[in-house]
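Some notes on the structure that comes next.
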Amino acid sequence: MTVLDQNLKGVLRTTSRHLKKLAELNIFTVRDFLMYFPRRYEDQSESLIIELAPGDKKVIKGHISNFSTKRARGMNILSALVIDSTGAIEVVWFNQPYLKDMLSSGDEVILAGRVRFDYGKLSMQNPSVEIVGKEKGHSANIVPIYSERDMEGRGRLSSKWLREKLHPIMYMTQYFDDPLPEDLRQRNSLMDFGAAIKESHFPTSRETLEKAKGRLAFDELFMLQVSALQKKWAWRRGIDENGFGKRIPIEDPIHVESHEKFIKSLPFTLTRAQEKSVGEIYEDLDGNYPMLRLLQGDVGSGKTVVAATAALQAVKAGFQVAIMAPTSILSGQHYSSFKNLLEPFGIKIELILGSLPSKEKKERTARLKKDKDDPNRIDVVIGTHALIQDTIDFKNLGLAIVDEQHRFGVKQREKLKTFGNPHLLNMSATPIPRTLALTIYGDQDLSVIDELPPGRQEIMTRIVPEFKRGDAYKWINEQISEGRQAFVICPLVEQSEKLENVKAATEEFIRLQNKVFPNLKLGLIHGRLRSEEKDEIMDRFSKNEIQILVSTSVVEVGIDVPNATIMMIEGADRFGLSQLHQFRGRVGRGQHQSYCFLFPNQLTEDNKSRLIAMVKHASGFKLSEIDLELRGPGEVYGVRQSGIPDLRMATFSDSRIIKQARTEAENIINTDPLLKDHPRLHRAIARNQIEAHLA
Ligand code: ADP
Ligand code: MG
């Protein structure tokens, strides 16, 4: 145990209540505390007293004079005059008697607070105060601001308190071992580790702070990539040792022929991006290691056919295919798509859902174990999480496809590998910039479908202010009288399908049906319905028996209804760009002009720019870049579910550091995959992984 691993209890002078709050932030040891980095920095440049105007929130620096204390109306009042070279301001503190012992006339202080104008004079009431020189506060006027709460909103330790408690243990930063090798550090001109930590808490200048942040950001991105590459290496080594026989020889005549037949059977030609992805997947299928690939493509870019070409090849080579989707609606949709595409080739496709009666589930499960020539065998099975239950096993699974992979946890996806290491194709409609994908999915290869099939119409997107709501309803009425259909998405109340969401959607449904569209047929769908009920509603919607479908945001309205042309989103300001884009992708799938109406609850500068981006941009890639800039990856991709790490210092938009870190990570893993010659790095990574696991 080193100095850094000491429990804070024996180190900090503080109360057990405070220690408990630190613990809620996952801070137990000196190391934890020192590595609790500020979230952001406030540049508190000082103003001159002569510049102050009433109402300003400002920082001033001056000397105290006329310091006095009195009691009046039951209050303890301290007052002083603070003077700088340009003027003086009156300062009053109410009920803070402890300041009396802290301050005295002549002290130089930094005050931060709002400027008032009372009785013809400028003043400040209850400003925060730090004594220059004496105080263990900040310097360079750059004030670190810490995240004061944990994700559940617990905590509540002020930044000021944190800085005060960090100050006396700063000297311990000298005990940090630098996890990076010296030569690597020099190549990338990175600051020493301990120095960077110190600088991050107590910046000495803007330049050195930038260097420190750069160093710490590099570490985070570097370790993520080292872990990812290590994982890939270990996985491949495991396969080398166990032998591996799932190669699908794409060049063989039988495969070439079935491929050509399949392509001819499609009512369209593949886009260039689709062809390229198919090529990359084929190369993997034909390779020595099982595929581990992420196929990214915007909503409607045509991932399904690409997946189907791979499925066809796998079945032709004698293997089975599993396709896993996050919801039963989506699974049902895939079931009908794959049936259309592959049944003509004599391939047997079945659905396995959690809601299936157990007799049928058993029967279908048994059919997964049949030999490839058995007429009862299932070749391609489609389903939800039901596919990774312990009761499921395959005769010979050759390819597993996961749609909307970010909706599954890492462990759930890993589970598919346990069926004898099949080829694994993950699909995602959340476009992520390539550099970011390399970092967070560093163990996977990447294919991107970055163009939409030709002839796709642009969806007209509008932000609708409240006073135009009536007009929008009138418009919807007209569209529906022409035979079209509409979605209404209800605002996000909670991230998961809590009762509140269901309630919000139900209320909206009743209001719309009774008050707004009494002559139309409305339907309601949400995650609390049984999946047969959901399926039935979606079915009626796709037959135009329901004209307006009201839905919570959590339910995947992922069915292809080309006749639906209006997407109306309530509380649009509550959603992230990627999610709004996903919703919008539900319309514009047929030949009719489609519309997306965004109804904000409350327009702030921040969410206005997000909604305007929706109006301006049709490309999911563009939108996801903007989303990342605005909100950061944690919020965009959902830190917890997706396994995307919550970065402390780095940002995923810093592609320069990401690339440097990638190069260095590859260097290290190529020569020393087990990090035997890099023990300090090894330890640091192990520690990160434990932390990620605990978080
Ligand atoms: P996603 O990538 O969102 O899963 P889909 O695979 O569902 O997209 O495809 C969306 C629609 O586009 C489907 O109706 C599909 O038949 C059609 N499609 C796919 N590829 C092409 C293409 N190359 N040309 C025209 N239409 C296509
Ligand atoms: Mg899809």
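All values below come from the heavy atoms of this structure, side chains included, with hydrogens, waters and symmetry mates left out. Atoms within a ligand are numbered from 1 in the order they appear, just like the ligands themselves.
- Cation-pi geometry between Arg413 and Phe408 is not met at under 6.0 angstrom from the ring centre and within 45 degrees of the axis.
- With atom 10 (C) of ligand 1 as the reference point, the heavy atom nearest to it among Pro562, Gly300, Gly590 is part of Gly300.
- His592 pairs by the side chain to side chain contact (heavy atoms under 4.5 Å, CB included) definition with Arg484, Asn563, Thr565, not counting sequence neighbours.
- The minimum heavy-atom distance between Arg367 and Glu350, with the atom names listed, is NH1-OE2, 3.5 Å.
- Taking the six-membered ring for Trp and the full ring otherwise, the centers of Phe541 and Phe487 sit less than 6.0 Å from each other.
- For atom 8 (O) of ligand 1, the closest non-hydrogen atom of the protein is Gly302 N, 3.3 Å.
- Under 4.0 Å is where a charged nitrogen must lie from a carboxylate oxygen, and between Lys276 and Glu280 at least one such pair does.
- The shortest separation from a heavy atom of Ala429 to ligand 1 is not under 4.0 Å, leaving the residue out of contact.
- Within the 4.0 Å heavy-atom criterion, the part of Asp298 lying near ligand 1 is the backbone and not the side chain.
- Ion pair Asp298/Lys622 not flagged as a salt bridge, since none of the NZ, NE, NH1 or NH2 atoms sits closer than 4.0 Å to an Asp/Glu carboxylate oxygen.
- At a heavy-atom distance under 4.0 Å, only side-chain atoms of Gln274, from C-beta outward, approach ligand 1.
- When non-hydrogen atoms are compared, ligand 1 lies under 4.0 Å from the backbone of Thr269 (N, CA, C, O) but not from its side chain.
- Looking only at protein heavy atoms, the nearest one to atom 13 (C) of ligand 1 is Asp560 OD2, 4.2 Å.
- Every atom of ligand 1 is numbered from 1 in the order shown, and the set under 4.0 Å from a heavy atom of Leu270 is 23 (N).
- Scanning the protein for heavy atoms near atom 12 (O) of ligand 1, the closest one is Arg456 NH2, 2.7 Å.
- Nearest protein heavy-atom contact of atom 16 (O) of ligand 1 is Phe268 CE2, 3.5 Å.
- The pair Lys415-Asp390 meets the salt-bridge criterion, with a side-chain N (NZ, NE, NH1 or NH2) lying under 4.0 Å from an Asp/Glu carboxylate O.
- Residues His255 and Tyr282 have side chains that never bring a donor and an acceptor to within less than 3.5 angstrom of each other.
- Heavy-atom contacts of Val299 reach the following atoms of ligand 1: 3 (O) (cutoff under 4.0 Å).
- Near Thr271, with a cut-off below 4.0 Å to any heavy atom, the atoms of ligand 1 are 23 (N).
- Set against the non-hydrogen atoms of Ser301, the atoms of ligand 1 under 4.0 Å away are 2 (O), 8 (O).
- Under the rule for a side chain to side chain donor-acceptor pair (under 3.5 Å), the partners of Ser355 that lie at least two apart in sequence or sit in another chain are Ser531.
- Nearest protein heavy-atom contact of atom 6 (O) of ligand 1 is Thr304 OG1, 2.6 Å.
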